[in-house]
Amino acid sequence: MTTLKAVRGTRDLLPPETELWNRIDTVARSVFARYNFGEIRTPIFEDTALFARGVGEETDIVSKEMYTWDDKARAQSEKGQSLTLRPENTAGVVRAYIEHKLGETGQLQKLYYIGPQFRRERPMKGRFRQFYQIGAEVIGPASSGSESPLRDAEVLEMLATLLDELGITGWVLKINSVGSASDRPRYIEALREALKPVVGQMCEDCQRRAVTNPLRVLDCKVPHDQPYIDALPKIADHLDESSKAHFAAVCTALDACGVPYVRDHRLVRGLDYYTRTTFEFTHDAGLGTQNALLGGGRYDGLSEAIGGPKAPGIGFAMGEDRLVLTLQAQKSAKAQLADAYIAPLGEAQNAAALELARELRRATPDRPGLKIELGDGTFRLKKSFEAADKVARKIVLLGEDEVNSGILTVKDFSTGTQSKIARSELTAHLASSNK
RNA sequence: GCGGCUAUAGUUCAGCGGCAGAACGCCUGACUGUGGCUCAGGAUGUCGUGGGUUCGAUCCCCACUAGCCGCCCCA
């Protein structure tokens, strides 16, 4: 029989790595809570039309990367329909916003999500077919302030805080404005015109892009092409007055709170719904060419595109897989040692050891409970020490003497010192030197 | 979807058309209640899967699968 394996582009997350994933989730939830975001959980699959209309029929994501299937009717009373595993979460959140009439509250909705997304792409380092995103959306009727540049700046400031609290050092924030829905076609036309005379001298990829998707020429990294690209028209010069003022206000607010950023007029994003502010946080360690930790932007027309009321918004999605890779590359990911390893000396002490472990592990109103690894009485003492040294900060010896006297032997691996501790004081002793 | 590189022990990787290797890790003992160092010994495995060429294939050829890199795109 052939052995079954995780399918291409999917993977199992195992300890100790899952500890890092959990830590990232915890830090993210804590930051979101302080900025007064609430969690939303949307279904993992949706009607295919949601993504076609929301993300854009012509985008690569929709045209070739979605896991879509025909869900057959099972009875007269049930309709068949085309369903799709979500390739991103913004469309689902906006769908929920419309469906539950969250705009009717008049309040600004601040929602975050953490969960798996699915795209049928060629897997690479930092790119998987099932991958995890942590994202958030700020959306509401214009009267709630959802359109304000202050929202953009606040979201960016929150992201800087989140990355800092995660311990990611050396991130770079790039921002740009892609203008309103009417600005962009005008700019693309200007780009085509400007490319015509020079594209013959540029790389083959650019010659193809100039025809298929001129905005992508801005992404070209071939050194020879750079002078030509620098000479091309900039989208900043093709924005209408209100988009210009909006972007300037975002920059002013970021300057005021000291979040560093670079304006990158070449930053273009591939999802149709983006308008005005777009951004990306990049990092160079551990990610190879997939160096974007997160990306996002404003989507002032998305709600209408999927049949809802006017509801301007801004959001982002972080690649959690990429945060993990970056933190691992920074070596700030070390497994948490147990507070103690209990070593019963002889099988006769096994039962007493379990009882002791239960006591130490148990949480009380004033103490969270200790992290305890339990050995085995059949191990020779040497083996217990070797095992304990790998997983715990201290070893607690529980032999016949200790069980009878109630005075336990505790050795601290970091200092090498050994002490006798009364059983009644053991919890306090182990908890006190918790760092 | 297209092009390229890769796949051997738990891990990182050598290797060769003729007995499957190293380092680290793991297990046992020296050492019966004191680890890290040392020494002695031990187990590593469908050489990614399936075909083909050959007296003989882990090695050469083909296909498939998977990972990585580039295109495309994106978190």
Side-chain angles (χ1 to χ4, degrees), chain A residues 1-11 14 55-56 58-66 86-90 114-135 159 203-206 208-209 212-213 215-216 219-222 267-271 274 278-283 287-297 315-326 341 343-346 349 375 377 379-392 394-402 409-414 416-418:
Chain A
M1 203 192 315
T2 54
T3 53
L4 295 168
K5 302 192 301 182
V7 305
R8 181 173 217 196
T10 70
R11 62 206 176 121
L14 306 170
V55 178
E58 300 307 315
T59 60
D60 277 26
I61 291 178
V62 173
S63 65
K64 55 188 198 193
E65 294 173 0
M66 295 204 303
R86 63 187 187 195
E88 57 94 61
N89 218 330
T90 298
I114 299 177
Q117 317 292 335
F118 307 85
R119 290 180 202 173
R120 199 177 183 291
E121 297 183 273
R122 193 84 173 239
M124 289 171 44
K125 190 189 189 90
R127 171 187 288 183
F128 308 94
R129 289 182 170 185
Q130 174 173 337
F131 59 103
Y132 296 82
Q133 287 189 333
I134 299 175
L159 284 166
C203 71
E204 277 180 39
D205 284 332
C206 281
R208 191 194 58 247
R209 290 167 179 141
T212 61
N213 191 349
L215 286 176
R216 290 289 148 203
D219 280 343
C220 179
K221 291 169 187 86
V222 176
L267 178 69
V268 286
R269 320 212 88 254
L271 278 59
Y274 284 123
T278 58
F279 55 88
E280 201 171 85
F281 282 73
T282 60
H283 196 281
L287 291 177
T289 48
Q290 311 305 315
N291 69 343
L293 289 173
L294 68 93
F316 63 86
M318 325 180 59
E320 193 169 10
D321 308 77
R322 295 181 183 179
L323 294 176
V324 169
L325 284 169
T326 302
Y341 179 102
L345 308 181
Q349 268 61 247
F379 295 169
R380 290 175 55 191
L381 188 58
K382 174 190 165 80
K383 180 168 171 167
S384 291
F385 264 89
E386 286 174 344
D389 194 24
K390 283 173 192 133
V391 301
K394 290 178 178 158
I395 184 167
V396 176
L397 300 184
L398 193 67
E400 209 180 332
D401 296 350
E402 283 84 358
T409 307
V410 179
K411 187 158 184 178
D412 185 320
F413 289 121
S414 59
T417 57
Q418 185 165 313

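So you know, we letter chains A, B, ... as the sequences are listed, proteins then strands, and number each from 1. When reading the values below, keep in mind they use all heavy atoms of this one structure, side chains included, and skip hydrogens, waters and symmetry mates. Just so you know, these numbers come straight off a predicted model, no measurement behind them.
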Using atom [atom1] of each nucleotide, how far apart are [N] and [M] to the nearest Å?
| N | M | atom1 | result |
| --- | --- | --- | --- |
| B:C47 | B:A22 | C1' | 15 Å |
| B:G21 | B:G33 | P | 36 Å |
| B:U58 | B:G51 | P | 13 Å |
| B:C64 | B:U28 | C1' | 43 Å |
| B:A40 | B:G56 | C1' | 39 Å |
| B:G10 | B:C2 | C1' | 37 Å |
| B:A63 | B:C69 | C1' | 23 Å |

Counterpart base for [N], defined by Watson-Crick or G-U wobble contacts under 3.5 Å:
| N | answer |
| --- | --- |
| B:G41 | B:C27 |
| B:U46 | none |
| B:A22 | B:U12 |

> Any Lys/Arg nitrogen of A:Glu386 or A:Lys390 sitting under 4.0 Å from an Asp/Glu carboxylate oxygen of the other?
Replying inline: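 Salt bridge absent between A:Glu386 and A:Lys390.
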> Counting any heavy atom closer than 4.0 Å, what does A:Glu402 reach on the DNA or RNA strands: base, sugar-phosphate only, or nothing?
Replying inline: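 Answer is base: heavy atoms of A:Glu402 come under 4.0 Å of a base.
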> So what does A:Lys411 hit on the nucleic acid, given a heavy-atom distance under 4.0 Å: a base, only sugar-phosphate, or nothing?
Replying inline: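 Base contact - A:Lys411 has a heavy atom under 4.0 Å of at least one base atom.
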> Just wondering, do A:Phe131 and B:A75 stack (centres under 5.5 Å, planes under 30°)?
Replying inline: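 Aromatic stack with B:A75 present for A:Phe131.
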Whole angstroms only, please: what is the [atom1]-[atom2] distance between [X] and [N]?
| X | N | atom1 | atom2 | value |
| --- | --- | --- | --- | --- |
| A:Leu14 | B:U11 | CG | P | 12 Å |
| A:Lys125 | B:C69 | NZ | C1' | 11 Å |
| A:Lys5 | B:G67 | NZ | C1' | 10 Å |
| A:Leu267 | B:A75 | CG | C1' | 13 Å |

>> For a quick check, tell me whether the side chain of A:Arg127 and the base of B:C73 share a donor-acceptor pair closer than 3.5 Å.
In response: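 Such a pair is found, so the answer is yes.
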